[in-house]
J.: 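Dropping the structure in here first, questions after.
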Amino acid sequence: MNSIHSGAPSDPCPHFIFNKADDIIAPHLQTIITSSFLSATFPKSWKHAEVNALLKKPTVDPSDLKNFRPISLLPFPAKVIEKTVNKQLTNFLEDNSLLDPSQSGFRANHSTETALISVTDDIRTLMDNGETVALILLDLSAAFNTVCHRTLISRLRSTGIQGQALDWITSFLSNSSQRVYLPPFRSDPTEIFCGVPQGTSLSLTLFNVYMSPCANIVRKHSIIITSYADDTQLILSLTKDPTSAKTNLQDGMKDVADWMKLSRLKLNSDKTEVLILGNTPTAWDDSWWPTALGTAPTPSDHARNLGFILDPLLTMTKQVNAVSSSCFLTLRMLRKIFRWIPADTRKTVTHALITSRLDYGNTLYAGTTAKLQKHLQRIQNASACLILNIPRNSHISAHLRHLHWLPVNKRITFRLLTHAHKALHNKGPELLNRRLSFYTPTRPLRSANLTLAAVPRIRRTTAGGRSFSYLAAKTWNSLPTILRTTQDHSAFRRLLKTWLFEQQ
């Protein structure tokens, strides 16, 4: 229970009391949960959700209701039982490989970063062959709120879930209610006939099961797919075989739209984005888009995908500029108050507001120009000066070591190699595991025992030379033998960080 930090505002007993008195409350709650499982019934009093509407972005218009994201706040005991069920359901799905490997949402060892690495690696591999690529970012309207319960139960049954387990999930989904909570006001309760509540771990896993068939439909038309929950990215080469590619895209998008219609999901063509990557952006025109889906989206000069800005050549320039602008604005605001804040608190705040932005998706900065990485390094230098209250023109290397911070280029290498270690030992997501493998010589050689990675051949240093598959393998092979032969991931991270500090 200590890992659950919130409950509904209507909870008769606040969540912190559960956490502080868990030795007294836990046995009774366990009895209720056991009874719920044995009777295959989810308690009706726990099915009511208080919906808190949050703005998707601080810059959007708050008068437009479409700009709000509904978050369901459920009773604290309901979250405890859901977490228990979700753990068992997730173990069953993962152990039997029942979730599509292209889905990265809400799964262990998966993240938005691993999804982005997969997308950019696929694109760079195609661009390395001289191809122009279309990246299509599909937008679904209120995907979590339109899930059909009957269809979801049918798809759960097809995975092998049956008996009391299926009856319990059916009970969990049925006869639920919700009301909107905007302090101090609450709307009247409304019964829910479809959808899964956002904000619960079990709902997210159920949504992954619901979306699983979509990936197979897309792949039948030779289109690469990567998903994170309802954020779906499609990758298609436009120039290798234009006639077949156009047919595949039109038929594939039509089949996806038909499947979504049957699944009560709505594809929002107006918000679907297209980014053309490569040297011949004119390869795409409106005729590629199926007329049945409405007006063809106009290709953008950049696209924001899972919080990361991608440009047509994947130089990451727009992303670095956006991070730089945002971080320096935050630093200017913090500078006004930091003189009254202790150094430890300054470090915590800076880590939350600045370092987290620098580190997000920083594997994708591997292979970028030294000039771009220098922009990011200036942010880290300014953060260190602000924390330690030293002049901005100070020599910074010693101060970074004092804070135990790796420079930006080393942080990028650290993250790249931690992903490589997981992929080589099959401990990462399947999306990355299949991109790296250990080198196996065709005849007995001394290098066979050096745990080297197989480095793929590339044609273009600005495309394949910046791909994860190539950079991760090449950087891995530059490590000392003691690091390459360390199998435990936690031990590898410690040794790697120490080694990177020594390289400065």
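The structure presented is a predicted model; accordingly, all values stated were derived computationally and were not measured.
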J.: With no hydrogens and no angle check, is any side-chain donor or acceptor of Q380 less than 3.5 Å from a backbone partner on L406?
T.: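 Flag set: sc Q380 to bb L406 pair under 3.5 Å.
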J.: Do you know the tightest heavy-atom contact between A229 and F144?
T.: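 Taking A229 first and F144 second, the nearest heavy atoms are CB-CZ, 4.4 Å.
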J.: Can any side-chain N or O of N433 pair as donor or acceptor with the backbone N or O of G428 at less than 3.5 Å?
T.: yes
J.: Provide the closest heavy-atom pair for T112 versus Y360 in the form atom of the first, atom of the second, distance.
T.: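 T112 and Y360 have their closest heavy atoms at OG1-OH, 3.0 Å.
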J.: If you measure from the Lys or Arg side-chain nitrogens to the Asp or Glu carboxylate oxygens, is any gap between R457 and D128 under 4.0 Å?
T.: no
J.: Contact between K83 and K79 at the side-chain level, heavy atoms closer than 4.5 Å - yes or no?
T.: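 Sidechains of K79 and K83: no contact.
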J.: Side chains of S325 and L329: closer than 4.5 Å at any heavy-atom pair?
T.: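 With C-beta onward as the side chain, the pair stays apart.
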J.: Quick check against the 3.5 Å criterion: does R357 have a side-chain atom that pairs as donor or acceptor with the backbone of L353?
T.: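 Confirmed, R357 side chain pairs with L353 backbone.
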J.: Counting only heavy atoms not in D344, do more than 12 fall under 6.0 Å of its CG?
T.: no
J.: Without swapping roles, check the side chain of N208 against the backbone of G105 for a donor-acceptor pair under 3.5 Å.
T.: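 Flag set: sc N208 to bb G105 pair under 3.5 Å.
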J.: Could you verify whether a donor N or O on one side chain and an acceptor N or O on the other, from S212 and Q103, lie under 3.5 Å apart?
T.: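 No pair is found: no donor N or O on one side chain lies under 3.5 Å from an acceptor on the other.
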J.: Test your reading of the model: is there a side-chain donor-acceptor pair from W288 to the backbone of A283, 3.5 Å cut-off?
T.: yes
J.: Determine whether L89 and L206 make a side-chain contact, defined as any pair of heavy atoms from C-beta on separated by less than 4.5 Å.
T.: yes
J.: In Å and rounded to the nearest 0.5 Å, what is the CZ to CD1 distance from R346 to I337?
T.: 10.5 Å
J.: How about K427: does its NZ atom have over 12 heavy atoms from other parts shown lying under 6.0 Å from it?
T.: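 Buried by this count: over 12 neighbours within 6.0 Å.
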J.: Calculate, to the nearest 0.5 Å, the distance between atoms CG and CG belonging to L310 and L137 respectively.
T.: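 Between L310 CG and L137 CG, I get 8.0 Å after rounding to 0.5 Å.
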J.: Do the side chains of L334 and L386 get nearer than 4.5 Å, heavy atoms only?
T.: yes
J.: How long is the straight-line distance from CG of L403 back to OG1 of T350, given to the nearest 0.5 Å?
T.: 9.5 Å
J.: Atom CG of residue position D241 - does it have more than 12 heavy atoms of other residues, nucleotides or ligands inside 6.0 Å?
T.: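 It does: D241 CG has more than 12 such atoms within range.
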J.: Any chance you could measure R466, atom CZ, to R124, atom CZ, to the nearest 0.5 Å?
T.: 7.0 Å
J.: Return yes when atom NE2 of H402 has more than 12 non-hydrogen atoms of other residues, nucleotides or ligands closer than 6.0 Å, and no otherwise.
T.: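 No, NE2 of H402 has 12 or fewer neighbouring heavy atoms, counting only those of other groups under 6.0 Å.
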J.: Could you tell me which non-hydrogen atom of T272 sits nearest to which non-hydrogen atom of D139, and how far apart they are?
T.: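 Heavy-atom minimum between the residues: OG1-N, 3.6 Å.
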J.: So which atom in F492 and which in L483 form the shortest heavy-atom distance, rounded to 0.1 Å?
T.: CD1-O, 3.5 Å
J.: Are the aromatic ring centres of F501 and H404 under 6.0 angstrom apart?
T.: yes
J.: Nearest 0.5 angstrom please: L331 CG to S326 OG, how far?
T.: 9.5 Å
J.: Compute the ring centroids of F308 and H302, then answer whether they are less than 6.0 Å apart.
T.: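 Here the rings of H302 and F308 have centres that are no less than 6.0 Å from each other.
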J.: Under 3.5 Å, is there a donor-acceptor pair between the side chain of T114 and the main chain of H110?
T.: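 Looks like no, no N/O pair under 3.5 Å.
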J.: What's the shortest heavy-atom distance between L358 and Y365, and which atoms?
T.: O-CE1, 4.0 Å
J.: Say whether T451 and T485, considering side chains only, have a donor N or O and an acceptor N or O under 3.5 Å apart.
T.: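 Note: T451 and T485 side chains miss the donor-acceptor criterion.
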J.: Looking only at heavy atoms, what is the nearest atom pair of M260 and C214, with distance?
T.: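 In terms of heavy atoms, the two residues are closest at CE-SG, 4.5 Å.
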J.: Decide side-chain contact (heavy atoms from CB on, under 4.5 Å) for T120 and F468; before the verdict, give the C-alpha distance in whole Å, the side-chain angles of both, and the deciding distance to 0.1 Å.
T.: CA-CA 8 Å; T120 55; F468 172 80; 6.0 Å; no
J.: Above 12 or not: heavy atoms from other molecules or residues under 6.0 Å from NZ of K474?
T.: no
J.: Could you list the residues that satisfy side-chain hydrogen bond (donor to acceptor under 3.5 Å, both in side chains) with D100, not counting sequence neighbours?
T.: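 Counting only residues at least two positions away or on another chain, D100 forms a side-chain hydrogen bond (donor to acceptor under 3.5 Å, both in side chains) with S102, R219.
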J.: Taking the side chain as every heavy atom from C-beta outward, state whether P407 and Q377 have any pair of such atoms under 4.5 Å apart.
T.: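 Side-chain contact under 4.5 Å: yes.
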J.: Under a plain distance cut-off of 3.5 Å, with no hydrogens placed, do R435 and S467 share a side-chain donor-acceptor pair?
T.: no
J.: Can you tell me how far the CG atom of L431 sits from the CG atom of D121, to the nearest 0.5 Å?
T.: 10.5 Å
J.: For a side-chain contact (heavy atoms from CB on, under 4.5 Å) check, start with the C-alpha distance between L236 and I224, then their side-chain angles and the critical distance, and finish with the verdict.
T.: CA-CA 7 Å; L236 178 72; I224 301 172; over 6 Å; no
J.: For residues S383 and T355, determine if any side-chain heavy atom of one lies less than 4.5 Å from a side-chain heavy atom of the other.
T.: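 No. Closest side-chain heavy atoms not under 4.5 Å.
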J.: Going by side-chain contact (heavy atoms from CB on, under 4.5 Å), name the residues that satisfy it together with P342, two or more places apart in sequence or in a different chain.
T.: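 Result, side-chain contact (heavy atoms from CB on, under 4.5 Å) vs P342: T345.
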J.: Begin from the C-alpha positions of I136 and W289 and carry the test side-chain contact (heavy atoms from CB on, under 4.5 Å) through to its verdict.
T.: CA-CA 11 Å; I136 304 171; W289 194 251; 4.3 Å; yes
J.: Would you check if N305 and Q233 make a side-chain contact, meaning some heavy-atom pair closer than 4.5 Å?
T.: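 N305 reaches Q233 side chain to side chain.
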J.: Is it the case that more than 12 heavy atoms not belonging to H351 sit under 6.0 Å from its NE2 atom?
T.: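 Atom NE2 in H351 is not packed in, count stays at 12 or less.
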J.: Show your reasoning for whether side-chain contact (heavy atoms from CB on, under 4.5 Å) applies to H421 and W476.
T.: CA-CA 8 Å; H421 185 271; W476 174 269; 3.8 Å; yes
J.: Please list, one pair per line, the donor and acceptor atoms closer than 3.5 Å that link side chains of residues 312-323 to other protein atoms, with sequence neighbours excluded.
T.:
{"unit_1": "T315", "atom_1": "OG1", "unit_2": "D311", "atom_2": "OD1", "d": "3.1"}
{"unit_1": "T315", "atom_1": "OG1", "unit_2": "D311", "atom_2": "OD2", "d": "3.2"}
{"unit_1": "T315", "atom_1": "OG1", "unit_2": "T317", "atom_2": "N", "d": "3.4"}
{"unit_1": "T315", "atom_1": "OG1", "unit_2": "T317", "atom_2": "OG1", "d": "2.9"}
{"unit_1": "Q319", "atom_1": "OE1", "unit_2": "I309", "atom_2": "N", "d": "2.9"}
{"unit_1": "N321", "atom_1": "ND2", "unit_2": "T317", "atom_2": "O", "d": "3.3"}

J.: Distance-only, no hydrogens or angles: does the N477 side chain make a donor-acceptor pair with backbone N or O of A453 under 3.5 Å?
T.: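 Yes: the side chain of N477 pairs with the backbone of A453.
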